[in-house]
Structure formats: C-alpha cells, structure tokens
Amino acid sequence: MLIDLARTSAAVAADSARLAKIRHLAELLGRVGPDEAEIAIAYLSGELPQRQIGVGWRSLRDLPEPRQVATATLTEVDEHLGRIKAQAGAGSQAARKELLARLFGAVTRQEQSFLLRLLTGELRQGALDGVMIEAIAKASGVPSAEVRRALTLRGWLPAVGAAALRGGVDALREFHLEVGRPVAPMLAQSAPSVAAALEKVGGPAAIEWKLDGIRVQAHRTGDEVSVFTRTLDDITAQVPELVEAVRALPETDLVLDGEVIALRPDGRPEPFQVTSGRVASKLDVASLRETVPLSVFFFDALRVAGADLLDLPDEKRHAALEAAVPAELITPRLVTGDAQEGEEFFTDAVRRGHEGVVVKAPLTPYAAGRRGAGWIKVKPRHTLDLVVLAAEWGNGRRQGWLSNLHLGAYDPETAGFVMLGKTFKGLTDELLAWQTEQFLRLADGPTDEYVVTLRPELVVEIAFDGVQRSSRYPGGMALRFARVLRYRPDKRAEDADTVASVRALLF
DNA sequence: TTCCGACAGTGGGGTCGCAAT
DNA sequence: ATTGCGACCCCACTATCGGAA
C-alpha cells in the first residue's frame, strides 16, 4: 500500500540517526511483496520506475482535497504514473492534469504529501541511494558492498534491490558489465591545489587535463556504438562525431569513459555553454556538426577486447586504453610524484583554456557511484568582493533564514550596482543566523514572501570558477559556481569590485 | 575519544524541446 | 513568435552520522 511507504518515509524523516533510518526502510522492504519491491525501493530512494514523467512543481499546484481512507496500492499508483508519462509529448497537458488530479484525489493527505515530495524530487527524509543501499543489504542479508557492486554495473538501484531481495548474493552476482548498458560513472573529490591532491593520494599519481565539456561513456560491440551521459541517458544520436571515432577504432568490443567538448579551430576549448548547447540539440545535428564540431578525449577504459577492467588499478586500465585508442583521442596525462612538476602541468592546462586537472591514484579500481578518493579534481579559484543586493528566504533546513544572496558589482559611472548572480553556498549555520539578522536591519524596498531587498551596504567575498555570458542579468554576464568565503565588514559598498573588473574576466 | 569518509540537503546558471498562449 | 515548464548539463559547499583510527 502507498500509505505504508508514506508512513515509513515519515518515520525515516523523524529519526536523525542513519541506522534508525536504515531499520525503518529494511523493515518495510521485508514486508513488501516481490512484485512491488522495485516500486517501493524507487519511491523510498526518491526515484520513479518511469525515471521522469513530465511532472514538476508547477503541475502540482491546486491539488484536489484528499480522501479520508487510504486504499491505493503501489501497483495502481505506478500504473497511473505510467499513464501520465504516456501523455507527455502527446500534445495534451490537459489530459495529464486530469490524470494527476485523479491520482491526488484518490489518496489521503499523508499520501499526497509523500507523492508531492517524490514528484518534485525533494523527498527530504534524509535517505536516498546511499541509505537505501544499506537498507537493501540489511533486508536481504547481503553485504552492502555486493549491492554497491551490482549497482555500479546495473546503474539502477530498484532493479538491483529487487534482485537482492529475491535471490540474495547469487542474484546480485548475475549482474555483469554489459556492452550497451551504461555503468554508473566514477566521480571525483576536489582539492585546492595539485600539491594537496598529491598528498591525499599519498604518492605518485597520474595527472590529467580536466576538460570543460560533457562526460560520456561510449560502448561498442561490433559496429554498434552507443553513448551515455553521467546520468546514463542515451545521447548517441546527438554525438555522431564520437560514434564515428569509436567505430573507426580497430578494437570492436569496448567500453570507454571520456569527455566530449567543442573546440575552436585553433584547438582552444569553446565556453561550456557552446558544448552544452551542441550536445543538447537533437533536431539539427547534421548542420550543427559543421558549425560546432565535437571532439572526444577518453581517459579510462572499462572494457577492451572482451575483458572487463573495472577491478583493475588505474594504471592497468590506462595501459589498456593506450593500446586500444590512438594518442590524439586520449586526454593529456602526466604521471609524477613531484608537486612542482604537477603544478606546472596544471598551470599549462589552465593557460590553454581548460578547466583544471584531475589527479588519479594509480592503484584504485573503477569505483563507480561512490565519490572515492581515487580521483581528485583541482581547479583555479577566482575571488571578488561584491555587494549583497537582496536575499531570499531558505527552504527545508534553512527555513526561517535568509539564505540565497543576490550579488552585485559596483558601477562607478552610475554609483549603482549590477547584479551578477546568486549564491547560497559556503554559509555555516552561524553565518546564516548572523546574516538574517543583518539583512532584516538593512531591508529596504520591494519585499515579498520570497525576496527581501536590501540597502546595498554589506560587502561579501565570493569565490567562483569563471564569468559566463548571461541573458538573465543586466550586465550580460553571470558568475559560475559562486560561493561565499567571508563577509568584509572592513569594506564599504563603493570599495567593492567594479563591473569593469568583472567584465575583464569574461572571454 | 577523536578523526574523517560518505551522504543528504540546498540551491546556482545555461540549454534544449515541447505545449500553451 | 513568445513564454513557461520539465529535464538535464555543469556544479560547491556544510551538517551529520557512525565506523575507523
């Protein structure tokens, strides 16, 4: 029953201890039937079996009154969501709206709340994949490492969890790397410098350029090639250059990990926006590949010539990559234990317009899904002193605090301020409390339930990765990945960085 | 007892495709 | 033709729990 999940979710949210959350989830998984295990695991880890159904926050306003008695089963709800998905792209938002209303009108208030959070992607129960993995392990009596391994290979936890509950370790061992089905990609931690990254790795490491493009996983069997993104979406049709490059290789049985990026004729990278737009375009690929051609650079091999390499150390996988792929399709890489040498490699990569480097421990296997210490990214950091123009009320655990800052640079010509973006990152609870008090004192001008406009007086030091073109803000530019470092009470608003100095960073 | 790895949460800007206006 | 929405691309950072040291 849906109500069982709604109650379990509430219990999970109510307990802050992770072990207690795991107990609640495992207890439910122990009760759910085999047919509905997949649905239960999906919902309770914040996913839908349909992945996406074309319903977001806006479609979920104005919901009907709830029922008093809970009768909905998981299978019914799942089938209903499937019907809603079938309407997406079929030209009828009205039909979807009607179906949504019928679903929400058939469940209780607690079920409505659960479905609402599920469909908006804000489950807010303190448990997603990571906790669910432990719960599946507990409920099925399987070591969590086995669940993780299967998840890496299958990329979809509900399927893995259902198999574990049905057949235990034996069923999980049935999952193998399958050419044509994407694997969860390995992710990286970050460090402030190459030296710090090398220290984390604890010895010599491979250092590779970090290209500012789109992560891709390329599969080939025979002449068949497919390409997947970081979230395992199939983008084969959008990247014909990559398909052709892989098909041209002598080896016919491959799974490769890399990055696609649009390069200018001189070889320097286009801004991320250009690569992003090109890869996202589906309708005009044939002409776009003339004007915005894509290049691909591989940095890892998960399978070569029928051999699965996931469990091999990085250096062995890279050797296999070098054997199967020509050097011009491989991300530039330097193996060193020397911090000085590493920093020079990093500086050179950045000078050539790239995002930074990734430092890789030579002995780590391809640990997908988990953000292990095997890969560590290093990027340069810019800072600016900007003025807080307004602030937005926070949500969830930031409810009651002014959280999201509107940032502006000083314009000496007008003695005014030009907004460059927002940030909510880098704030401690203490800082949130402090700034809320300050902001309410500075409140001045239009204020609604979301935004409080301020007298532009407070200066804050902001770190960011770069300046990009923007149609959203009046200055025509916006900061990328802005975050708060500290407030600058020693500075007046007129001492803040100027629009001109920010524009100088825009290429 | 302290340290630290892993996780969840809180949102940022940009782009595309599609349906409604 | 324009606008709003959903989905997805890139992502940084803090708080917390609980196992490791």
*Could you tell me how the ring of A/Y410 sits relative to the ring of A/F417: parallel (under 30°), tilted (30 to 60°) or perpendicular (over 60°)?*
tilted

Testing B/dA6, C/dA12, C/dC10 for proximity to the side chain of A/R148, the answer is B/dA6

Side-chain atoms of A/T428 come closest, of C/dA15, C/dC8, B/dG17, to C/dA15

Ranking C/dC13, C/dT16, C/dC5 by distance to the side chain of A/R58, first place goes to C/dC5

Closest of C/dC8, C/dC11, B/dG11 to the A/N404 side chain is B/dG11

Side-chain atoms of A/K377 come closest, of C/dG6, C/dC11, C/dC9, to C/dC11

Query raised in the report: When all nucleic acid strands are considered with a 4.0 Å heavy-atom cut-off, which category describes A/T423: base, sugar-phosphate, or nothing?
Result: nothing

Does A/D15 pair with A/R23 as a salt bridge, N-O distance under 4.0 Å? no

inquiry  = Under 4.0 Å, heavy atoms only, any strand: does A/V55 hit a base, just the sugar-phosphate, or nothing?
reply    = sugar-phosphate

Next on the checklist: Mind checking if A/S190 touches a base, just sugar-phosphate, or nothing, with heavy atoms under 4.0 Å?
Outcome noted: nothing

Does A/R18 reach a base, just sugar-phosphate, or nothing at all? Heavy atoms under 4.0 Å. base

Regarding the side chain of A/R472, the nearest nucleotide among C/dG19, B/dC7, B/dG14 is B/dG14

- prompt: With a 4.0 Å cut-off on heavy atoms, is A/Q125 in touch with a base, just the backbone sugar-phosphate, or nothing at all?
  reply: sugar-phosphate

